[in-house]
*Asks:* 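First the structure, which I've put down as structure tokens, then a few questions once you've had a look.
Values below: all heavy atoms of this structure, side chains included; hydrogens, waters and symmetry mates excluded. Just so we're on the same page: letters track the sequence lines, and every chain starts at 1.
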2 protein chains.
Amino acid sequence: MLDERKAAILRAVVQGYIETAQPVGSAVIARAADLAVSSATIRNEMAVLERDGYLTQPHTSAGRIPTDKGYRFFVDSLTPPGLLAPAQKVQVRDFFAKAHGALEQVLHDTSQLLANLTHYAAVVIAPPAEGATVRSVQVVGLGPRTGLAVAVLANGAVEKGTIEFDHDVGEERMAAATAHLSAHLAGMTLAAGARVPATGDADTDAVVLAAGRALHRDPGADADHVYLGGASRMAAAFDAVDTVRQILGVLEQEYVVVGLLREVLDRGMSVSIGGEHGDPPLSECSVIVSPYLVEGEAAGTIGVLGPTRMNYPQAMAAVAVVSQRLGRRLSEG
Amino acid sequence: MLDERKAAILRAVVQGYIETAQPVGSAVIARAADLAVSSATIRNEMAVLERDGYLTQPHTSAGRIPTDKGYRFFVDSLTPPGLLAPAQKVQVRDFFAKAHGALEQVLHDTSQLLANLTHYAAVVIAPPAEGATVRSVQVVGLGPRTGLAVAVLANGAVEKGTIEFDHDVGEERMAAATAHLSAHLAGMTLAAGARVPATGDADTDAVVLAAGRALHRDPGADADHVYLGGASRMAAAFDAVDTVRQILGVLEQEYVVVGLLREVLDRGMSVSIGGEHGDPPLSECSVIVSPYLVEGEAAGTIGVLGPTRMNYPQAMAAVAVVSQRLGRRLSEG
DNA sequence: GTTGGCACTCGATGATACCGAGTGCCAACC
DNA sequence: GGTTGGCACTCGGTATCATCGAGTGCCAAC
């Protein structure tokens, strides 16, 4: 464990580096931090912090920058979750006051909001369809052998899936299937679609079955809906153009992002720093995640992805507030 | 007009610059192009091309690079639309053979396909909802005073909009509104939603009216659905990190992209080079657009956005092929 | 344990020279 | 007159070198 003075110095280095993106020297700390000690003492302490793996030097005779371990200590020592600037609080409040529209729209806009608040990339993962009960199901014919199954869930989500038939199906069959599905699925989850009893009419049953399959995704399948906002912010955070390219490439693959957030949460973390998550191209990035609760249950996840030297207190506050308000907004229907 | 030799030299410079991203000198052209002339002659011609605004020099004693006007000539002289590599043809064919699923999914995946084919950013704009007839409408209650109107269109699109009521509305009213809307909207466009006759029951009419409003967007409003694929490709095309940031920032604002494509098409162009379109941050980019036809009518637009020194023949071929196959795919329903 | 002092390191900055790709021009040539 | 080899010239890129200064590590003194 670090004694109080080392901790203060470490915090000062992290804070300084977050602000300036420049290595922090002992003199700056002696001046800024209100430890009444000289720069020489700071130097001695910093040498120890480096030996213990909290700090590193880009080269001899430069200041120190935090290692992942240093950031980790910094983040863990932030017990009060940090506060949002008043203007930002207002921004969040206004946003959720006006956040009407379908689930999709709300989640999309939320990702933008979070990106704007933090100036980093933001991710919002929709609540899984399994959790919500069905309010309405419908089978609609499109072409002679194709149809569309549409379900509206209680949380405002609209799930859809195409159906292909091997022979023509008339409107009456679709209507029959719609009625049958409505009767048996309303109030249940989509997973019940596979267990709808037979009607007795083989053609109708085929439609019902196909619709059930089209709407239901396996819980394991990563068909989660993901909303990514502010990816371009990553370009501002790094100055090596191919770092930017790599990160953006990763962000474009939704399943990687989803996997990343899920993995971080599985480890019970809310902040993952640099190499703590596995992805090599993201080793210069940190992730802040939080589940949001809808009616008391963890529904989806929101997160922020930024450079390791991101402004943790501010970003953590933003994530906390937005996840809380989003959960509340989705709970009230 | 340019004489044949100047044209050949100009084409060679464009081609060389596209391949190497380096200024092209007279010696390279004398060697590569099969004009049986010396580099001195090429130099003389290039001086004229520069005076006429087709070429420019980054600095004295460097080779020439094309101006926008030079690219324009190059593109206009490509009368045969260019061919896709066989492997890519197969890729497109396979893609559309497997492209099932709802409209949304198809369009999203198409943008990815186009980005992969060209290695640039790709945009797909969905057919406007006004054009398609309604196959099914439904009003679903979510909370005590909120509901969701969902319409399935003949082209496979699903339009949705939230409804807010100022007092509680029971399930029966929703059902009545659904039945009424279904009866009067099926086979019509969503615009007809505003002209559905009254039922006689005031509460039901309120729901009907609200649903109509929720589903119908004004043709002028830029509520078009946009799918953007491969934005990270832009990071590979430029080496100035803040150019990348600016371009990505623009791409994130959907309405700018939509406006850009629309403007280009309005001018009757299919290729817009550098400064030809108005956006200053995109002055180092070119855009290739093409409408796609569904049942003979222009429905939506697809496009590719790349650096001005993009591979025009290849990208134009990709856009042409994909727009054609996408139109065909959407026509067959 | 702390501190001022000091030698040392090493990246950043700037000046200088050099190289070479490429040009423009010109006189000669067909 | 168009074409060409020759040649002086330009100028960005690269390498070399010296300098500067921020910052360190260490040590002797407090």
*Asks:* Under 4.0 Å, counting only non-hydrogen atoms across every strand here, what does A:Ser39 touch: a base, just sugar-phosphate, or nothing?
*Replies:* nothing

*Asks:* Out of C:dC10, C:dT3, C:dG22, which has the shortest distance to the side chain of A:His59?
*Replies:*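 Given the options C:dC10, C:dT3, C:dG22, the side chain of A:His59 is closest to C:dC10.
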
*Asks:* Write down the partner of D:dC27 under the Watson-Crick or G-U wobble criteria, each distance required to be under 3.5 Å.
*Replies:* C:dG4

*Asks:* Are more than 12 heavy atoms, taken from residues, nucleotides or ligands other than B:Asp34, located less than 6.0 Å from that residue's CG atom?
*Replies:* no

*Asks:* Check every atom of D:dC7, C:dC10, D:dT10 against the side chain of A:Thr60 and return the nucleotide holding the closest atom.
*Replies:* C:dC10

*Asks:* Whole angstrom is fine here: how far is it from CG in A:Asn44 over to C1' in D:dA28?
*Replies:*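 Roughly 14 Å, once rounded to whole Å.
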
*Asks:* Assess whether a salt bridge exists between B:Glu252 and B:Arg245, defined as any Lys/Arg side-chain N lying under 4.0 Å from an Asp/Glu carboxylate O.
*Replies:* no

*Asks:* Would A:Arg43 and A:Glu50 pass as an ion pair if we require N to O under 4.0 Å?
*Replies:*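 A salt bridge is absent here (no side-chain N lies under 4.0 Å from a carboxylate O).
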
*Asks:* Has A:Arg64 got a side-chain N or O lying under 4.0 Å from the OP1 or OP2 atom of D:dG23?
*Replies:* no

*Asks:* Counting side-chain heavy atoms from CB outward, which of D:dG25, C:dT23, C:dT9 is closest to A:Ser61?
*Replies:*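 For A:Ser61, the side-chain atoms sit closest to C:dT9.
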
*Asks:* What is the distance, rounded to the nearest whole Å, between atom OH of B:Tyr17 and atom P of C:dG22?
*Replies:*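 Distance, rounded to whole Å: 14 Å.
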
*Asks:* Please report, rounded to the nearest Å, how far the C1' atom of D:dT4 is from the CD1 atom of B:Ile42.
*Replies:* 12 Å

*Asks:* Is A:Glu276 paired with A:Arg72 through a side-chain N to carboxylate O contact shorter than 4.0 Å?
*Replies:* yes

*Asks:* Classify B:Ala40 by what it touches in the nucleic acid, base, sugar-phosphate, or nothing, heavy-atom distance under 4.0 Å.
*Replies:*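 Here B:Ala40 touches the bases of the nucleic acid.
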
*Asks:* Expressed in angstrom and rounded to an integer, what is the separation of B:Leu55 atom CG from C:dG22 atom C1'?
*Replies:* 14 Å

*Asks:* Can you tell me the Watson-Crick or wobble partner of C:dT16, both distances under 3.5 angstrom?
*Replies:* D:dA15

*Asks:* Once you measure the plane-to-plane angle for A:Tyr71 and A:Tyr312, does it fall in the parallel (<30°), tilted (30-60°) or perpendicular (>60°) bin?
*Replies:*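 It falls in the tilted class, 30° to 60°.
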
*Asks:* Report the distance from atom CG of B:Asp3 to atom P of D:dG1, rounded to the nearest whole Å.
*Replies:* 17 Å

*Asks:* Indicate, with a heavy-atom threshold strictly under 4.0 Å, whether B:Thr41 touches base, sugar-phosphate, or nothing.
*Replies:* base

*Asks:* Is any side-chain N of the basic residue among B:Asp3 and B:Lys6 closer than 4.0 Å to the acidic one's carboxylate O?
*Replies:* yes

*Asks:* Taking pairing as Watson-Crick or G-U wobble with both contacts under 3.5 Å, can you name the mate of C:dG11, or confirm there isn't one?
*Replies:* D:dC20

*Asks:* Which nucleotide wins on minimum distance to the side chain of B:Gln57, given the candidates C:dG24, C:dC10, D:dG5?
*Replies:*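 Selected nucleotide: C:dG24.
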
*Asks:* Using only modelled atom types and a 3.5 angstrom limit, is any donor from either the side chain of B:Arg43 or the base of D:dG6 paired with an acceptor on the other?
*Replies:*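 Side chain to base: pair present.
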
*Asks:* With sugar-phosphate meaning primed atoms plus P, OP1 and OP2, does B:Ala36 contact a base, only sugar-phosphate, or nothing at under 4.0 Å between heavy atoms?
*Replies:*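 Answer is sugar-phosphate: B:Ala36 comes under 4.0 Å of backbone atoms only.
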
*Asks:* Please give, in whole Å, the distance from C:dT23 P to B:Ile9 CD1?
*Replies:*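 Distance, rounded to whole Å: 11 Å.
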
*Asks:* Kindly point out which of D:dC11, C:dG24, C:dT2 is positioned nearest to the side chain of A:Arg5?
*Replies:*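 Closest nucleotide among those given: C:dT2.
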
*Asks:* Taking the nucleotide of DNA chain D with the closest heavy atom to each, which residue, B:Glu45 or B:Pro58, is nearer the 5' end?
*Replies:*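 So the residue in question is B:Glu45.
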
*Asks:* Please report, rounded to the nearest Å, how far the C1' atom of C:dG24 is from the CG atom of B:Leu49.
*Replies:* 16 Å

*Asks:* Just how far, in rounded Å, is P of C:dG1 from NZ of A:Lys6?
*Replies:* 10 Å

